[in-house]
Protein chains: 2
Amino acid sequence: MDSHESFNVFVQNCPSREIMQRLGDKWTPLVLLGLAGGPLRFSELRQRIGSVTPKVLTSTLRTLERDGLVQRTVFAQVPVRVDYELTEVGHSLLGPMETLRKWSENHASKVLKARDEFDARD
Amino acid sequence: MDSHESFNVFVQNCPSREIMQRLGDKWTPLVLLGLAGGPLRFSELRQRIGSVTPKVLTSTLRTLERDGLVQRTVFAQVPVRVDYELTEVGHSLLGPMETLRKWSENHASKVLKARDEFDARD
DNA sequence: CGGGATCCAAAACGATACTG
DNA sequence: CAGTATCGTTTTGGATCCCG
């Protein structure tokens, strides 16, 4: 691995900091998790995620492609077919994303309750 | 746990979805990780994170407090002392956040390289 | 010291319509 | 089908100053 290069998210201007901040983009986790089961077409992915506009999905995918997490493959057919799938590096993020997902689903009710209590104060 | 309540991040309007999206707020991971070692005062936390303005740090902390992840304690002194620390629920997020952090630091050079190659194309 | 208040810039997100 | 173009809105982040 690259641990010898000593990236540190607490250091301002360290690339790893910006990378971590990007992983939290509103749609990034859902896209990554959506592709967990294998390649999907644009419209399939869109359906799977739901309520994401084409423009936003496109830009999210572009960023992920640029960062080497997702691979885009165009099949020269009529009509065209475009597949998106996780790269190996993208796959290595699946674990962390799954963890985040599970945490969110398992703690949702606690968080909701905390909000109610907080809002009830004052 | 609450898994029987069947929250699902892929379901539109499911609270868990919004909660997961919130975990990726630009500063949330850094704040949580910053508090990993124990309670910190506002200014200590700010120094630790670096380059975050008071306004933004305040609002991030408020949200985390509202969601029950962070506890805010005011000591009636002159001058005032305010401590922030993780709650138990907040602690349970430390693992996932650490994972994200390590991933970012370990894969930073790969991502950077992928970007270069992507930008070199066309 | 720990912010709140104000104002502003920029980015992210979204709705809609349209095209190769 | 897989987007792009355009436009507008919303959200987020930042700079600066001030106050208890």
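All of these numbers come straight from a predicted model, not from anything done at the bench.
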Next on the checklist: According to a hydrophobic-cluster definition based on side-chain heavy atoms being under 4.5 Å apart (Ile, Leu, Val, Met, Phe, Trp, Tyr only), do A/V11 and B/L45 belong together?
Outcome noted: no

Item to check | Positive for side-chain contact (heavy atoms from CB on, under 4.5 Å) with B/H91, one of B/L35, B/L32, B/L86 | outcome: B/L86

Next on the checklist: From CG of A/L23 over to P of C/dA12, roughly how many Å is that when rounded to an integer?
Outcome noted: 14 Å

Next on the checklist: Applying a 4.0 Å non-hydrogen cut-off, can you work out what A/Y84 is touching in the nucleic acid: base, sugar-phosphate, or nothing?
Outcome noted: sugar-phosphate

Checklist entry - Rounded to whole angstroms, how far apart are CG on B/L57 and P on C/dC1? => result 15 Å

Item to check | Rounded interatomic separation in angstrom, taking CZ from B/R72 and C1' from C/dG2 | outcome: 8 Å

Item to check | Euclidean distance, A/L94 CG relative to A/E98 CD, rounded to 0.5 Å | outcome: 6.5 Å

Item to check | Interatomic distance where CZ belongs to A/R62 and C1' belongs to C/dA11 [whole Å] | outcome: 19 Å

Checklist entry - Nucleotide by nucleotide, 5' to 3', does protein get under 4.0 Å of the base (B), only the sugar-phosphate (S), or neither (-) in nucleotides 14-20 of chain C, counting heavy atoms? => result BB----B

Checklist entry - B/L40 has an atom CG; how far is it from atom P of C/dC1, in whole Å? => result 15 Å

Checklist entry - OP1, OP2 of D/dC1 versus side-chain N and O of A/S43: anything below 4.0 Å? => result no

Checklist entry - Between B/R41 and C/dC1, is there a side-chain N or O to OP1/OP2 distance below 4.0 Å? => result no

Item to check | Nucleotide D/dT11, atom P - distance to CD of B/Q21 in whole Å | outcome: 13 Å

Item to check | Nearest-nucleotide 5' precedence on DNA chain D, A/F42 against B/R22 | outcome: A/F42

Checklist entry - If you measure from the Lys or Arg side-chain nitrogens to the Asp or Glu carboxylate oxygens, is any gap between A/K110 and A/E105 under 4.0 Å? => result no

Checklist entry - Roughly, in whole Å, what's the span from CG in A/L61 to P in C/dC13? => result 13 Å

Item to check | Heavy-atom donor-acceptor pair, A/T60 side chain to A/V56 backbone, under 3.5 Å | outcome: yes

Checklist entry - Salt-bridged, B/D67 to A/R115, with N to O below 4.0 Å? => result yes

Checklist entry - Can we say B/R121 and B/D119 salt-bridge, meaning some charged N sits less than 4.0 Å from an Asp/Glu carboxylate O? => result no

Next on the checklist: In whole Å, I'd like the distance from the CD atom of B/E18 to the P atom of D/dT11.
Outcome noted: 12 Å

